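Structure record follows, encoded as structure tokens.
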Protein chains: 2
Amino acid sequence: MRGMTTLLAHPERDEIRITAVLHALADPVRLQIVRALASKEEGISCGVLDLGVTASTLTHHVRTLREAGVVRVRPQGTARISSLRRSDLDALYPGLLDGVLAARQ
Amino acid sequence: MRGMTTLLAHPERDEIRITAVLHALADPVRLQIVRALASKEEGISCGVLDLGVTASTLTHHVRTLREAGVVRVRPQGTARISSLRRSDLDALYPGLLDGVLAARQ
DNA sequence: GTCAAAGTTCGACCGATGTCGTAATATGCG
DNA sequence: CGCATATTACGACATCGGTCGAACTTTGAC
């Protein structure tokens, strides 16, 4: 088994699809993650967030965001630092991210 | 049975929720509908669109869009005229709709 | 080497949802 | 009224997807 050594796959900018992005953003837990990342340019380990789900569920959500092209994930020790792919998203869908983040909670 | 006389329920602007909107937009068929409506300010009968789904499936999608607050539907004869709730969406999530529509197909 | 911390993987469960076909329901026109 | 058109309602089906727990992997510290 390869386990955690599997390279973290990220779609290139031109591989990002709007339906995948919208689907990724349409879940409450994932939207909370995105909101948290929006205020942390340098990225964070999503495990520090209190989202009311287990670690395995959190893994599932972060992977969904990563595979959709919403976040970039880089290993750092035993942690995974996630950050918003803001420039890619703004280039592809100008206004989308700002609009989503403008929503009252 | 009430049938088609059931009043078409629409959420008020302040009842629209971002997760419902994103979920509504995240489906390929519904996104095609939204794209079509974006170029028709006065609205259209969605039945005229060739989306590759049956009429009953189309009804399901239009209802999803309506209940999410993305479109407004008004009866006109035997038809249902759907139009984008652009001012509501722009007020709630400025840039979101434009960003989504900017996506290359 | 041992141990703890952070994530991942896998399998399972279960509710949500996209799809269809069939039947029923308005609306408008003769 | 009788009929065509446009749409809806209902029921069924298959798949998707969010959730968890248990076991495993990797990394870093001691």
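Keep in mind that this is a model prediction, so the values were computed, not measured. Heavy atoms only: backbone and side chains are in, while hydrogens, waters and symmetry mates are out. Throughout, protein chains are lettered first and strands after them, A, B, ... in sequence-line order, and every chain is numbered starting at 1.
Between R80(B) and dA26(C), a side-chain N or O to OP1/OP2 separation shorter than 4.0 Å is absent. Listed pair H23(A) / dG18(D) meets the phosphate criterion, a side-chain N or O lying under 4.0 Å from OP1 or OP2. Using a 4.0 Å cut-off, no side-chain N or O of T78(A) falls inside it from OP1 or OP2 of dT26(D). Contact check, T59(B) against dT7(D): no side-chain N or O comes under 4.0 Å of OP1 or OP2. OP1 or OP2 of dG18(D) has at least one side-chain nitrogen or oxygen of R30(A) nearer than 4.0 Å.
Residue-level contact check: S45(B) touches the backbone only, with heavy atoms under 4.0 Å from sugar-phosphate atoms and none from bases. The residue V62(B) sits apart from the nucleic acid: no heavy atom pair falls under 4.0 Å. A79(A) comes within 4.0 angstrom of sugar-phosphate atoms only, judged by non-hydrogen atoms across all strands, and of no base.
Of the possible polar contacts, none joining the R17(A) side chain to the A68(A) backbone as a donor-acceptor pair under 3.5 Å is found. A side-chain donor-acceptor contact under 3.5 Å links R30(A) to the backbone of A24(A).
The neighbour count for R35(A) CZ, taken as heavy atoms of other residues, nucleotides or ligands under 6.0 Å away, is above 12. The local environment of CD in E42(B) is crowded, with over 12 non-hydrogen atoms from other residues, nucleotides or ligands closer than 6.0 Å.
Rounding to whole angstrom units, CZ of residue R63(B) and C1' of dA16(C) are separated by 13 Å. Look at CG on L65(B): it is 12 Å from P on dT8(D), rounded to the nearest Å. Spacing between atom CG of L25(A) and atom P of dG18(D) amounts to 12 Å, rounded to whole angstrom units. Across the protein-nucleic acid pair, D27(A) atom CG and dG17(D) atom C1' stand 9 Å apart, rounded to whole Å.
With the nearest nucleotide of DNA chain D identified for both Q76(A) and V29(A), V29(A) has the one nearer the 5' end. If H60(A) and V48(B) are placed on DNA chain D by their nearest nucleotide, the residue sitting closer to the 5' end is V48(B).
I44(A) and I81(A) fall into different hydrophobic clusters, where Ile, Leu, Val, Met, Phe, Trp and Tyr residues are linked whenever their side-chain heavy atoms come under 4.5 Å apart, directly or through other members.
Residue side chain S56(B) reaches the base of dG21(C) through a donor-acceptor N/O pair under 3.5 Å, judged by distance alone.
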